[in-house]
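Whatever order the structure lists ligands and atoms in, that order sets their numbers, starting from 1.
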Amino acid sequence: MLIDRSQLLWNVDCGVRLRFPIYGVLIDHAEGVFLFDTGYDLGHAQRVFAHEEPIQQPGETVAEQLSFSGYRPEDVKYIVNSHLHFDHVGGNRHFPAATVLVNKRELRQAKVPESFERYAYSDQTFDHSDVRYELLEGDTEIARGLRLFETPGHTVGHYSLLIETTSRPPMLFTGDAAYSMEGIEREIISGFHNDPTAGVRSIKRLRQLARKYEAEFFVPHDMEAYRGYRRAPESYDG
Ligand code: ZN
């Protein structure tokens with residue numbers, strides 16, 4: 001999608017538009033296949049966010065991306081949503097058998113958002129009739145080596161994910177607590193947020209976690225960083 005740079009970094013470079021990526025992460029774990037966020041639904045984005053000119057390249061649907069790596073939608077046992085904004089839940093409905101792990105406060109907020117949050121929570125298809133939630137509170141290890149840390153501010157119930165593997169340094173997926181590497185380095189939150197003070201604290205927390213676990217950051221909406229990430233069918237073996 002195309003957004004103003006001041007959305008990436010609050011109040012920085014207003015009027016400068018740039019393209020940013022949106023993606024999900026598949027984790028093949030001994031306890032099952034997990035998805036961390038599921039991107040946006042193209043139809044929804046075109047209807048509600050036409051001004052942000054959403055583009056999906058051929059092969060970039062969730063089902064196609066899974067198939068490149070040899071998975072089918074029914075293989076996915078758990079969806080972990082960092083938060084419930086439209087660009088992180090758009091593919092959830094393609095996995096009706098998966099259990100959705102999400103922060104309890106986040107689900108409540110998505111159902112009854114502040115007025116300024118309504119657009120961000122505008123895709124409610126994650127809450128389909130077959131959905132099964134496992135509502136989480138506080139920091140928690142959801143499976144061995146998969147840890148969720150509360151990083152509120154962008155939204156009230158936001159989680160970041162730390163993945164520990166045997167073959168590489170831990171990977172810290174910030175979710176929207178930090179859109180970009182520049183946001184982490186300069187400790188500048190995204191233009192969109194529920195609570196800016198909490199958001200800045202969460203960036204500081206992410207930096208502390210990265211030091212403690214000697215983890216590598218993976219950020220959600222940074223085109224330069226994204227170009228360096230491995231994408232299906234490539235993987236980070238661990
Ligand atoms: Zn968001």
Side-chain angles (χ1 to χ4, degrees), residues 1-12 17-25 35-42 44-49 51-54 56 62 79-93 100-127 136 148-161 172-184 187-203 205-206 217-223 225-226:
M1 298 181 83
L2 200 56
I3 53 167
D4 201 89
R5 195 164 131 81
S6 63
Q7 286 294 320
L8 212 64
L9 302 163
W10 190 22
N11 282 340
V12 173
R17 295 188 92 195
L18 47 85
R19 258 199 190 276
F20 75 109
I22 294 169
Y23 67 93
V25 182
L35 280 185
F36 181 62
D37 289 338
T38 61
Y40 68 60
D41 179 83
L42 183 61
H44 176 86
Q46 286 172 333
R47 273 193 307 281
V48 181
F49 296 91
H51 58 288
E52 294 188 4
E53 302 176 28
Q56 193 171 66
V62 176
I79 293 171
V80 183
N81 285 125
S82 61
H83 63 305
L84 296 172
H85 282 170
F86 78 99
D87 56 325
H88 296 257
V89 302
N92 279 32
R93 65 191 173 87
V100 175
L101 280 64
V102 66
N103 188 291
K104 185 177 178 180
R105 295 171 66 204
E106 182 69 19
L107 181 59
R108 196 182 292 150
Q109 192 78 6
K111 305 311 289 180
V112 190
E114 297 294 337
S115 57
F116 68 87
E117 294 178 305
R118 278 198 200 123
Y119 267 117
Y121 287 119
S122 57
D123 185 352
Q124 292 275 322
T125 58
F126 68 85
D127 196 36
L136 308 174
L148 292 174
F149 293 96
E150 286 197 312
T151 44
H154 179 68
T155 64
V156 298
H158 189 281
Y159 272 129
S160 301
L161 172 68
L172 181 51
F173 289 87
T174 63
D176 281 2
Y179 278 22
S180 65
M181 290 307 296
E182 190 176 350
I184 292 173
E187 298 189 358
I188 300 177
I189 59 171
S190 58
F192 186 94
H193 44 257
N194 174 278
D195 177 343
T197 306
V200 173
R201 286 189 189 129
S202 288
I203 293 183
R205 182 170 202 217
L206 287 166
F217 283 119
F218 289 81
V219 286
H221 300 314
D222 180 327
M223 192 58 98
Y226 180 71

Trainee: Of all the atoms in Asp87, is at least one N, O or S atom closer to the Zn ion (ligand 1) than 2.8 Å?
Mentor: no

Trainee: Report whether any nitrogen, oxygen or sulfur of His88 sits less than 2.8 Å from the Zn ion (ligand 1) (N, O or S, backbone or side chain).
Mentor: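 False for His88.
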
Trainee: Compute whether any side-chain donor of one residue and acceptor of the other, for Asn194 and Glu114, lie under 3.5 angstrom apart.
Mentor: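 The criterion, which ignores hydrogens and geometry beyond distance, is not satisfied for Glu114 and Asn194.
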
Trainee: About how large, to 10 degrees, is the angle NE2 of His154, then the Zn ion (ligand 1), then NE2 of His83?
Mentor: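 About 110°, to the nearest ten degrees.
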
Trainee: Between Glu182 and Arg5 (salt bridge meaning N to carboxylate O under 4.0 Å), is one present in this structure?
Mentor: yes

Trainee: Which residue is it: Asp87, Ile3, Thr174? I am looking for the one with a side-chain contact (heavy atoms from CB on, under 4.5 Å) to His221.
Mentor: Asp87

Trainee: Can you tell if the side chain of Thr155 reaches within under 4.5 Å of the side chain of Tyr121, non-hydrogen atoms only?
Mentor: yes

Trainee: How is the N/O/S atom of Asp176 that comes nearest to the Zn ion (ligand 1) named?
Mentor: OD2

Trainee: Using only N, O or S atoms, tell me which atom of His85 is closest to the Zn ion (ligand 1).
Mentor: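 The His85 atom nearest to the Zn ion (ligand 1), restricting to N, O or S, is ND1.
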
Trainee: For the aromatic rings, using the six-membered ring if either is Trp, is the centroid distance between Tyr40 and Phe49 under 6.0 Å?
Mentor: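 No.
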
Trainee: Do any of the N/O/S atoms of His158, backbone or side chain, fall under 2.8 Å from the Zn ion (ligand 1)?
Mentor: no

